[in-house]
Amino acid sequence: MLNHWDNPLGTIERGYAGSSLWKWYELPEVIDQRYIDYARANASIGINAVVLNNVNASARFLTKEYIVKVKALADVFRPYGIKVFLSLNFAAPKLLGGAKNSDPMAPEVRNWWKNVTKDIYSAIPDFGGYLVKANSEGEPGPQDFGRTHADGANMLAEAIAPYKGIVIWRAFVYAADPKGDRFKEAYKDFKPLDGTFASNVLVQVKNGPIDFQSREPFHPLFGAMPKTPLAMEFQLTQEYLGFSTNLVYEAPLFKECLESDTYSNGKGSTVAKIVDGSVDNHSLTAMAGVANTGSDRNWTGHLMSQANWYAFGRLAWNHSLSSEQIASEWIKMTLTQEPKAVTTIQDLMIKSREIYVDFTTPLGLHHVMGQNIHFGPEPWLEKSARPDWTAIYYHRADSVGLGFDRTAQGSNALGLYSKEVQALWGNPETCPLPYLLWFHHVSWNKKLSSGKTLWNEFASRYYEGVKSVEWMQKQWNSVQSSIDPQIFADVSGRLAAQHREALNWRDACVLYFQQYSKQPIPTQYQVPTRTLDEMKEIVRIYQLK
Ligand code: GCV
């Protein structure tokens, strides 16, 4: 399923490919040809469900005026095997229905939802169901009335069950606790509710515990709620992956998560097998991708990001496909069939995610991006509306070292995983380098398995990451004769922008963290010509309204 974070006025939250495809003011009378093209593209890769609106939801989609608009889209999508879903605003009974409040245990509220659900199904008999973001980032929810997430989900499940609809309840919740660890918040709320959700409820969990970072360990809820079907939520839109100027092929990221072993039911209980229901015998299963489509002529802004939409659909139905195979299928259908060019582009795509990690957040560093817009580096961010929206909360740099200690001596987030996973990540000597700073506070002089000290390895990654972008540019230039000239030029331009952004990340991060390591840039690299203050100014300007 695709989850669109599209708003009623045509903007898209975290959208980088133009505005929303849905023209709400023209619907239901005007049917844009792109609705049909969009449905065909989805159907071609097996995407059979679409949530039309943002999880930060406007209540207006539940009004009679909007239900006819949603119906018009459902009618377009039906021949392509696609069901339509809506994101709900949990406070709708009060906002629209004049109820005193939206307490899920109040009979008046329960009736309100039953009536709205009836209205929807009389217009759209095969309507899919509801997606809900509740008590998260300021959205209303059952906890506003002392109820649990299960109370909220089950109330909606009861309203929609007669029509065989489903409720998808998101687990993206995190209480603001300056002394706590955001990593653990969703687990704390949801794990105790396992076994209490109605049978037509899925709990949708983001791939990682924080928020779609360029690399995250798999979310500890996978494997921890055997009695509840868990849906996967991946993000196709590149909120933390350089928007639509960076070429980041996401299949390796998706597969890294899907193939992680939770050991919840013995070896081989991979995240993929939790999500496909085979480990815990669930027949209701789902995988959601936050859409990267918009009104741009090429759908996704960066043409190469189409591959992420494609890869998501392919992996949703067959997680054993390789990233290489998916890339090659997509390249041949989209760019060229010339064999040398296909392998060159495939190689570039396969390496692109690791390159992005290297010049932004190497070795397991996370959440050091620009505030609010989530673009560019801002590792110096110390104050925000919440402590867990800053960068220092996550990187914990000091004169000793770098990284978030999540072992038993620290927040013990590691304790949420099975003992096999704890053994994999729990020892700083053996923890794989990509996850090191996710779980350990490592001293600057510590010698890593690469043979370099933490500081030297860390700084080198930024420099090598930038060089790798130059390599990507070179590789792309080498396929020019096999690519449509307009596409070639567009991707070349975006790679040049990516290079400029990679230099910003490099200079900002090495200069900022050098204040703590107090060590020189490794001698083989040139010291940045810009100062830390200059980098701070560049990032500040990005964020001016
Ligand atoms: C839709 C992140 C994003 C928000 C998004 C939220 C979510 O925090 O920055 O824009 O809101 O995730 O997934 O609900």
Side-chain angles (χ1 to χ4, degrees), residues 1-17 19-20 22 50-59 61 85-91 130-141 143 149 152-153 168-176 182-183 185-186 189-190 202-214 216 219 221 230-244 250 253 257 286-294 312 360-361 366-376 378 381 384-391 393-394 542-543:
M1 108 182 321
L2 287 186
N3 289 181
H4 287 272
W5 286 356
D6 293 22
N7 298 316
L9 299 185
T11 54
I12 305 180
E13 182 153 350
R14 313 301 179 187
Y16 314 105
S19 42
S20 176
W22 325 132
V50 167
V51 183
L52 293 172
N53 62 317
N54 192 354
V55 287
N56 294 328
S58 163
F61 292 100
F85 288 65
L86 286 175
S87 295
L88 292 190
N89 183 311
F90 201 78
Y130 300 133
L131 173 67
V132 192
K133 171 176 178 178
N135 294 119
S136 164
E137 300 185 331
E139 292 301 308
Q143 292 177 337
H149 285 288
I168 305 177
W169 194 270
R170 293 175 90 228
F172 179 66
V173 297
Y174 54 108
R182 173 171 165 186
F183 195 117
E185 295 296 334
D189 263 18
F190 277 84
L202 279 156
V203 171
Q204 182 164 302
V205 183
K206 288 189 181 181
N207 59 290
I210 302 297
D211 194 9
F212 300 136
Q213 298 295 290
S214 63
E216 297 206 19
H219 200 299
L221 277 174
L230 299 185
M232 169 61 76
E233 180 173 325
F234 284 128
Q235 193 180 44
L236 313 187
T237 189
Q238 291 172 233
E239 175 178 0
Y240 300 100
L241 299 176
F243 293 10
S244 53
E250 293 179 297
L253 183 159
C257 175
M287 191 151 123
V290 180
N292 60 356
T293 48
F312 168 74
T360 58
T361 49
H366 50 284
H367 210 286
V368 296
M369 67 290 156
Q371 182 166 204
N372 301 330
I373 58 163
H374 297 171
F375 185 76
E378 200 175 3
L381 182 66
S384 187
R386 296 172 50 137
D388 50 9
W389 286 350
T390 67
Y393 175 95
Y394 297 94
Y542 277 162
Q543 295 174 359

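Start at 1 with the first residue, then count along the sequence. Counting convention: from 1, in listed order, for ligands and their atoms alike.
Panel note: side chain N89, backbone A57; a donor-acceptor pair is recorded below 3.5 Å. In this structure a side-chain-to-backbone donor-acceptor pair under 3.5 Å is present from E378 to Q371. Between the T237 side chain and the E239 main chain, no donor and acceptor come within less than 3.5 Å of each other.
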With a cut-off of 3.5 Å and sequence neighbours excluded, list every side-chain donor-acceptor pair involving residues 203-210.
residue, atom, partner, partner atom, Å
Q204, NE2, N3, OD1, 2.9
Q204, NE2, E233, OE1, 2.6
K206, NZ, D211, OD1, 2.7

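Centroid-to-centroid, the aromatic rings of Y130 and F85 stay 6.0 Å apart or farther. Checked against the 6.0 Å centroid threshold, W389 and H367 do not count as a close aromatic pair.
For a heavy-atom separation below 4.0 Å, the residues in contact with ligand 1 are W5, E13, R14, N54, V55, N56, K133, E137, R170, F172, K206, D211, E239, Y240, H374.
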